[in-house]
2 protein chains.
Amino acid sequence: MKLIQIYQCLCDETRLRILNLLRGGELCVCHIQEILGARQVRVSKHLAYLRAHGLVAVRREANWMVYRLPDRPSKDLSANLACLQDCLAESPIFGRDTARLRRLKSRFEETSPICCAKKARISDSSRRGAA
Amino acid sequence: MKLIQIYQCLCDETRLRILNLLRGGELCVCHIQEILGARQVRVSKHLAYLRAHGLVAVRREANWMVYRLPDRPSKDLSANLACLQDCLAESPIFGRDTARLRRLKSRFEETSPICCAKKARISDSSRRGAA
DNA sequence: AAGTTATATGCCGATTGGGGTATATACGTC
DNA sequence: GACGTATATACCCCAATCGGCATATAACTT
């Protein structure tokens with residue numbers, strides 16, 4: 001029952017916040033970390049959990065692991081993410097996260113979704129391996 | 001975060017099956033038990049869990065506890081139950097449960113939602129206490 | 001009151017979840 | 001190769017979950 005795996009992922013606030021952030025596009029771990037204000041281990045573990053349950057996908061970009069929602073989410077997942085988005089619409093915590101995300105994105109908008117613009121440019125030239 | 005409580009309830013198959021059944025109207029414990037083919041303790045405990053998290057409501061009818069979905073579900077709950085129904089639409093397990101429910105209901109259709117029609121009539125006359 | 005039926009609860013054992021610290025791994029730089 | 005940075009993993013502790021057995025509770029029956 002894949003559906004249950006989805007619900008298992010959704011019953012933790014940190015994971016909900018991560019999924020909420022990823023709706024805005026892919027993000028590296030340290031950005032998630034920064035926005036959530038959580039320690040690295042915690043974020044990393046929750047991402048591992050989400051990954052193991054098929055709720056997120058990853059690619060490596062130089063030193064960074066860049067997480068995103070699955071490219072072809074199942075019907076169940078799409079439905080539940082949509083439902084989640086709906087439920088979160090008025091939540092202050094999630095609104096704050098989204099606002100922080102926007103501000104953070106404006107810092108590296110034209111470069112890459114990963115941390116530091118300078119390093120991002122370097123990895124741009126080594127990106128041939130990326131999907 | 002009420003939403004998380006909802007997801008906590010949804011991440012167990014037995015509970016999903018129970019909620020699926022209750023969409024068809026209120027049911028007493030032993031009917032749920034019969035349809036799921038699960039032991040009494042297990043059903044009772046999951047119902048207690050659902051009750052503690054506000055996903056179901058109960059009333060007593062004579063000897064029986066009759067469970068139902070909340071009368072005024074929150075926006076989040078409604079949304080998720082709708083989403084759940086959608087996701088479950090083609091699931092064989094849940095379809096089988098629903099079929100069993102229909103057959104079982106035809107056995108006491110004009111009487112009461114509780115177990116035995118004969119006893120149901122008796123408790124009908126003592127129903128003044130019910131909400 | 002004693003017996004029966006329907007349901008809930010206490011306790012146990014096994015498993016999972018979540019947070020933390022410390023450490024490993026992977027990659028890039030020098 | 002030595003070092004730094006980003007991320008993952010191993011291990012520990014504690015709390016929650018799930019299933020089962022045994023028992024309690026509540027209502028009805030006689």
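We name chains A, B, ... by the order of the sequence lines, and we start the count at 1 in each one. Bear in mind the structure is a predicted one, so any value in this text is a computation, not a measurement.
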Would you tabulate the nitrogen or oxygen pairs shorter than 3.5 Å linking the protein to nucleotides 22-27 of chain C?
from    : atom 1 : to       : atom 2 : distance (Å)
dC27(C) : O2     : Asn63(A) : OD1    : 3.3

Who are the salt bridge (Lys or Arg N to Asp or Glu O under 4.0 Å) partners of Asp97(B), not counting sequence neighbours? Arg17(B)

Aromatic Tyr67(A) / basic Arg51(A) pairing, under 6.0 angstrom, 45° off normal: no

Only counting residues at least two apart or in another chain, list the ones meeting salt bridge (Lys or Arg N to Asp or Glu O under 4.0 Å) with Glu13(A). none

How bent is the helix from dA1(C)-dT30(D) to dC30(C)-dG1(D), comparing axes over its five end pairs at each side, to the nearest 10°? 10°

Using a cut-off of less than 4.0 Å, is there contact between a side-chain N or O of Tyr67(B) and OP1 or OP2 of dA8(C)? yes

Give every pair of a protein N or O atom and an N or O atom of nucleotides 16-19 of chain D that lie under 3.5 Å apart, one pair per line with the distance.
from    : atom 1 : to       : atom 2 : distance (Å)
dT17(D) : OP1    : Tyr49(B) : OH     : 3.0
dC18(D) : OP1    : Arg15(B) : NH2    : 2.9
dC18(D) : OP2    : Arg15(B) : NH1    : 2.9
dG19(D) : OP1    : Arg42(B) : NE     : 3.4
dG19(D) : OP1    : Arg42(B) : NH2    : 3.4
dG19(D) : OP2    : His46(B) : NE2    : 2.6

Under the ring pair (Phe, Tyr, Trp, His ring centres under 6.0 Å) test, which residues partner Phe94(A), sequence neighbours left out? none

By side chain to side chain donor-acceptor pair (under 3.5 Å), which residues pair with Asn20(B), not counting sequence neighbours? Thr98(B)

Inter- and intrachain pairs under salt bridge (Lys or Arg N to Asp or Glu O under 4.0 Å), touching residues 35-48 of chain A, at least two apart: none

In Å, rounded to the nearest 0.5 Å, how long is the span from CD of Gln8(B) to CG of Leu55(B)? 10.0 Å

Under 3.5 Å, sequence neighbours excluded: what are the donor-acceptor pairs made by side chains of residues 77-89 of chain A?
from     : atom 1 : to       : atom 2 : distance (Å)
Ser78(A) : OG     : Ser74(A) : O      : 2.9
Asn80(A) : ND2    : Asp76(A) : O      : 3.0
Gln85(A) : OE1    : Arg23(A) : NH1    : 3.2

Any chance you could measure Arg100(A), atom CZ, to Leu21(A), atom CG, to the nearest 0.5 Å? 10.0 Å

